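As structure tokens, the structure follows; a few thoughts come after it.
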Amino acid sequence: MGNLGKGDTKWFTHDRFGMFIHWGLYSMPGRHEWIRHYEQISNEDYEKYFERFNPDLFNPKEWARAAADAGMKYVVFTTKHHEGFCMFDSKYTDYKITNTVCGRDLLREVVDAFRAEGLRIGLYHSLIDWHHPDFPIDDLHPLRNHPDRKKLNKTRDIAKYRTYLHNQTREILTNYGDIDIIWFDFSYPKAADGKGHKDWGSEKLVKMIRSIRPNIIIDNRLDLPGSGDIITPEQNTPDYEVTDDKGKPVVWEGCQTLSGSWGYHRDELTWKSEKQCIDMLVNHVSRNGNLLMNVGPTSRGYIDDRALSRLQAYGRWMKYNSRSIYGCGIAPKEFPEPRDSRYTYNPETKRLYLHIMNWPFKHINLLNLGGKVAYAQFLHDGSEVKMRENGGGVHSSLDCATPNQALTLELPVVKPNTEVPVIELFLK
Ligand code: GLC
């Protein structure tokens, strides 16, 4: 297979928290970004959205500010989703943003605005394309139940689509400045008429990408072993350390939604609570992962209140607690997490962060930390947390015996006013 190179993930595992943005024509029907699949909509019937897409309230500076305020350090923006519509000015298609009423290259505006806020830039590009005339109809395609599926497929030439895919990849990687992540989505070689690395020309594609941007991070959805710099579980948070088949820890990023859809969905109601959102971030970092949290802006171009309020909740929490996120990862295995808690650890500062997800009464015992902590404080306000070694307090004769080597922290009865309190432990 030859050398596929490696991306630079150093900044990525430090920054930990990014914003995914799913935005395309599907924000108009507002019924999920897979609407063409679910409702089996032909190109002709989907045209009404192309003809009317006009996000008059689009202000990418507001998006970028919302992301930065939430503590997010990078963005991954959809240049094209499965519907095939391009949010950038491509010379290889007419099915693009600059040919709509809007008429502007929105990718450029997004990239400029997020860079100005200091965020790194990732581009999501769909391998699947339900609009392109050469993309063979498979079991995911809107025309999968067309009576002439076989006949239609005779004139569809995947080699031509492959060239289109490679050309557009080159465009988005050369026309928009330094791109830090390319996020392809997705392969499904096992499905009927499914597609994988041969269809995409994955090996050649990766080599081309590396020749343009040697250090770019490439995700793992090209169906090409060895080509992925990051593992990308979605709608699922691994609660263990993620490793390769030899047991070596891998770099991973969970991509998640605030509600049950990636694209704007007006009527979807499974919005996560602010607490759940913060728990998710902590859960990812505590297992050495990144969190890529998604927003789906409306067709008028703004992030609606339901999403915005959750971003603001991140911001309120991150303002005081981000030290337990940036530069942090999984804690040394010798320190088992107490009940209802997660550790993160910063190996450079040797500080261990205890996230208390469910507030206990007065004490928490930290196994194997007896004699190992020099100082403890709440992270949100820097106030000291008193420690006792092996249960030795005023009422020690009444205390239940704590296991050997445990360190007991004395907690206020009332939970501090921060969604998930964090205790910063300075290891000796
Ligand atoms: C899926 C879906 C998609 C979404 C993506 C994000 O593979 O096809 O709609 O863009 O996951 O990870």
Side-chain angles (χ1 to χ4, degrees), residues 15-17 69-73 237 239 254 256 258 272-291 293 309-332 335-370 372-389 391 393 399-400 402 406-428:
D15 287 357
R16 289 297 184 207
F17 191 24
D69 286 350
M72 293 159 161
K73 295 286 189 190
T237 309
D239 57 1
Q256 314 287 355
L258 294 171
K272 294 168 184 84
S273 70
E274 295 177 359
K275 167 80 165 50
Q276 278 176 304
C277 291
I278 291 165
D279 283 357
M280 284 175 102
L281 175 60
V282 172
N283 284 334
H284 282 63
V285 180
S286 74
R287 296 299 177 267
N288 252 355
N290 281 33
L291 172 62
M293 184 50 95
S309 62
R310 283 155 179 91
L311 294 179
Q312 286 160 353
Y314 274 124
R316 278 193 298 279
W317 188 81
M318 285 291 275
K319 176 167 182 190
Y320 303 107
N321 295 297
S322 65
R323 210 147 81 202
S324 75
I325 299 296
Y326 303 139
C328 293
I330 197 165
F335 306 134
E337 286 163 338
R339 191 178 63 192
D340 298 338
S341 303
R342 300 280 182 278
Y343 281 134
T344 63
Y345 179 64
N346 185 324
E348 259 166 45
T349 59
K350 292 208 174 53
R351 291 185 199 174
L352 187 62
Y353 295 94
L354 173 69
H355 301 76
I356 307 177
M357 325 294 258
N358 187 18
W359 196 246
F361 177 56
K362 267 170 75 175
H363 302 117
I364 194 162
N365 293 319
L366 312 180
L367 287 190
N368 295 343
L369 276 164
K372 294 192 176 146
V373 178
Y375 188 73
Q377 64 179 5
F378 277 113
L379 188 52
H380 67 280
D381 68 352
S383 65
E384 181 176 12
V385 174
K386 287 177 104 183
M387 310 186 284
R388 277 194 277 131
E389 308 278 345
D399 284 344
C400 309
T402 51
L407 176 74
T408 304
L409 300 181
E410 296 187 5
L411 303 176
V413 172
V414 177
K415 183 189 141 190
N417 187 22
T418 181
E419 196 69 81
V420 176
V422 183
I423 296 175
E424 184 173 43
L425 302 160
F426 294 62
L427 298 192
K428 283 183 185 162

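Not measured: the values here are computed from a predicted model.
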Under 3.5 Å: donor-acceptor pair, side chain of Asn288, backbone of Ile330: yes
Leu369 side, atom CG; Thr408 side, atom OG1 - distance, nearest 0.5 Å: 11.0 Å
Glu419 bridged to Arg310 by N-O distance under 4.0 Å: no
Non-hydrogen side-chain atoms of Leu366 and Pro338 separated by less than 4.5 Å: yes
NZ/Lys415: more than 12 non-hydrogen atoms of other groups inside 6.0 Å: yes
Residue pair Tyr345 / Leu427: nearest heavy atoms and the distance that separates them: CE1-CD1, 3.9 Å
More than 12 heavy atoms of other groups within 6.0 Å of Lys319 NZ: no
Heavy-atom side-chain proximity of Trp317 to Val282 below 4.5 angstrom: yes
Within-4.5 Å side-chain heavy-atom neighbours: Leu409 and Leu354: yes
Greater than 12 external heavy atoms within 6.0 Å of Tyr320's OH: no
Any donor-acceptor N/O pair, Glu337 side chain to Arg342 backbone, under 3.5 Å: no
Side-chain heavy atoms of Tyr326 within contact of Asn346, under 4.5 Å: no
Met357 side chain reached by Val420 side chain, heavy atoms, under 4.5 Å: yes
Salt bridge flag under 4.0 Å for residues Arg388 and Glu410: yes
Ser286 side chain to His355 side chain, donor-acceptor N/O pair below 3.5 angstrom: no
Pairwise distance CE(Met318) to CZ(Phe17) - rounded to 0.5 angstrom: 6.0 Å
Pairwise side-chain contact, Pro360 with Leu411, heavy-atom cut-off 4.5 Å (strictly under): yes
Distance (rounded to the nearest 0.5 Å) between Gln256 CD and His284 NE2: 4.0 Å
Expected output: side-chain Thr344 to main-chain Ser324 donor-acceptor under 3.5 Å: yes
Donor-acceptor contact present, side-chain Tyr314 to main-chain Met72, <3.5 Å: no
More than 12 heavy atoms of other groups within 6.0 Å of Glu348 CD: no
Check: Leu291 and Arg16 side chains under 4.5 Å, non-hydrogen atoms: no
